[in-house]
Amino acid sequence: EVQLVESGGDLVQTGGSLRLSCAASGFTFDIYGIGWFRQAPGKEREVISCINSRNGTPYYADSVKGRFTISSDNAKNTVYLQMNSLKPEDTAVYYCAAIPSYYSDSYYYSDISLFDYWGQGTQVTVSS
C-alpha cells in the first residue's frame, strides 16, 4: 500500500524556521518524484517545491525560492522541506505528493492531476 505521511507543521513566528518531513512507504524514489504543495483558506492548492526522482534536481516556486530547500534521504524514503524566513503568507496546510518519474520535471509540476498519491497534510501557521 502506498502511503505518504507529512509531519513537522507547527505555529511559528515571522522569520522563524520549520522542517517538514514526508515519509513514503509502498514505493521508492527511483520511480516517483515528490512535490510539496500548500493550500491556504479560500485559495487553490499550489505547488511550491519538487524534487526530480532521477537526478535530484530541485524545483521551487518563485514565492519560496531562496527561503525553502527540498532534500531527500533515499535510505529513509523521506523528503524534507526546510523552510526559513517564514512569513505570515506561508500559513497553509502543506501536502506532499508523488509524481511518476517520467513526469518528474519542472515542465509538469504545475499539473496537479499528474500527482498520483497524496499525504494528509500538516498545518503551518506563521504569526505576525
Side-chain angles (χ1 to χ4, degrees):
E1 179 187 5
V2 173
Q3 194 172 17
L4 296 170
V5 179
E6 304 97 333
S7 61
D10 205 344
L11 170 64
V12 65
Q13 291 186 335
T14 296
S17 298
L18 285 174
R19 189 177 79 157
L20 305 184
S21 299
C22 173
S25 59
F27 68 92
T28 56
F29 292 157
D30 58 336
I31 61 172
Y32 277 97
I34 297 294
W36 282 99
F37 291 75
R38 68 185 180 190
Q39 188 166 20
K43 294 188 176 182
E44 292 186 355
R45 192 170 299 189
E46 60 171 343
V47 61
I48 56 171
S49 184
C50 300
I51 190 161
N52 185 299
S53 58
R54 292 164 295 180
N55 56 28
T57 301
Y59 161 83
Y60 301 101
D62 288 343
S63 58
V64 305
K65 199 172 293 183
R67 300 187 298 125
F68 291 10
T69 302
I70 191 169
S71 63
S72 67
D73 184 334
N74 290 357
K76 295 182 178 180
N77 233 32
T78 300
V79 171
Y80 304 98
L81 186 68
Q82 178 67 42
M83 307 188 297
N84 298 329
S85 303
L86 284 163
K87 307 173 183 180
E89 51 263 45
D90 293 318
T91 295
V93 178
Y94 284 69
Y95 301 89
C96 65
I99 187 168
S101 61
Y102 43 85
Y103 290 131
S104 191
D105 186 272
S106 59
Y107 180 81
Y108 297 105
Y109 292 149
S110 60
D111 187 346
I112 197 170
S113 69
L114 296 178
F115 289 81
D116 289 341
Y117 303 105
W118 292 82
Q120 82 290 348
T122 186
Q123 176 70 46
V124 172
T125 303
V126 184
S127 64
S128 56

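Side chains are part of it too, since the values below use all heavy atoms of this structure and drop only hydrogens, waters and symmetry mates. Every value quoted in this text rests on a predicted model; they were computed, and no experiment measured them.
- For the disulfide bond (SG atoms under 2.5 Å apart) test, residues two or more places apart in sequence or in another chain that qualify with Cys22 are Cys96.
- Smallest separation of non-hydrogen atoms from Ile70 and Pro58: CG2-CB, 3.7 Å.
- Side-chain heavy atoms closer than 4.5 Å link hydrophobic residues (I, L, V, M, F, W, Y) into clusters, and following such links, possibly through other members, connects Ile51 to Met83.
- Glu46 contributes atom CD, which lies 12.0 Å from atom OG of Ser110 (distance to the nearest 0.5 angstrom).
- What you find for Val47 and Cys50 is that their closest heavy atoms are CG2-SG, 3.5 Å.
- Note: the hydrophobic cluster containing Val93 also contains Phe115 (ILVMFWY, side chain heavy atoms under 4.5 Å, direct or indirect links).
- Under the ring-ring contact (aromatic ring centres under 6.0 Å, His included) criterion, Tyr95 pairs with no residue, sequence neighbours left out.
- Between Phe27 and Leu4, some side-chain heavy-atom pair lies under the 4.5 Å cut-off.
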Could you pull out every donor-acceptor pair under 3.5 Å between side chains of residues 98-107 and any protein atom, sequence neighbours left out?
{"unit_1": "Ser104", "atom_1": "OG", "unit_2": "Ser53", "atom_2": "N", "d": "3.0"}
{"unit_1": "Ser104", "atom_1": "OG", "unit_2": "Tyr109", "atom_2": "OH", "d": "3.4"}
{"unit_1": "Asp105", "atom_1": "OD1", "unit_2": "Tyr107", "atom_2": "N", "d": "3.0"}

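- Shown here are the side-chain contact (heavy atoms from CB on, under 4.5 Å) partners of Thr69, two or more places apart in sequence or in another chain: Tyr60, Gln82.
- With rounding to the nearest 0.5 Å, the separation of OH in Tyr108 from CG in Leu114 is 8.5 Å.
- Under the salt bridge (charged side-chain N to carboxylate O under 4.0 Å, His left out) criterion, Asp62 pairs with Lys65, sequence neighbours left out.
- Side chain of Glu6 to backbone of Gln120: a donor-acceptor contact under 3.5 angstrom is found.
- Under the 4.5 Å side-chain heavy-atom criterion for grouping Ile, Leu, Val, Met, Phe, Trp and Tyr, Val2 is connected to Val79 within one hydrophobic cluster.
- Partners of Thr14 by side-chain contact (heavy atoms from CB on, under 4.5 Å), not counting sequence neighbours, listed by chain and number: Pro88, Val126, Ser128.
- In this structure, the side chain of Asn84 does not engage the main chain of Ser17 through any donor-acceptor pair within 3.5 Å.
- Here the CZ-CG distance, from Phe29 to Asp73, works out to 8.5 Å after rounding to the nearest 0.5 Å.
- In this structure, the separation between CG on Asp30 and CG on Asn74 is 8.0 Å, given to the nearest 0.5 Å.
- Remark: Arg67 pairs with Asp90 by the salt bridge (charged side-chain N to carboxylate O under 4.0 Å, His left out) rule, at least two apart or across chains.
- Qualifying side-chain hydrogen bond (donor to acceptor under 3.5 Å, both in side chains) partners for Gln123, counting only residues two or more places apart in sequence or in other chains: Thr125.
- For the side-chain contact (heavy atoms from CB on, under 4.5 Å) test, residues two or more places apart in sequence or in another chain that qualify with Ala92 are Arg38, Ala40, Tyr94.
- Taking the six-membered ring where the residue is Trp, the centroids of Trp118 and Phe37 are separated by under 6.0 Å.
- Cluster annotation: Leu20 is connected to Ile34 through the hydrophobic network of ILVMFWY side chains, with a link wherever side-chain heavy atoms come within less than 4.5 Å.
- Partners of Thr78 according to the side-chain contact (heavy atoms from CB on, under 4.5 Å) rule, which considers only residues two or more places apart in sequence or in another chain, are Ser21, Ala23, Lys76, Tyr80.
- Hydrophobic clustering (side-chain heavy atoms under 4.5 Å, transitive across Ile, Leu, Val, Met, Phe, Trp, Tyr) keeps Trp36 apart from Tyr59.
- Taking both residues in full, the closest heavy atoms of Gly16 and Val12 are given as CA-CG2, 3.8 Å, listed atom of the first, atom of the second, then distance.
- Looking at Thr122 and Asp10, their side chains never come closer than 4.5 Å, going by heavy atoms from C-beta outward.
- Hydrophobic side-chain contacts under 4.5 Å tie Leu11 to no other Ile, Leu, Val, Met, Phe, Trp or Tyr residue.
- Every residue two or more places apart in sequence or in another chain was checked for a salt bridge (charged side-chain N to carboxylate O under 4.0 Å, His left out) with Glu89, and none qualifies.
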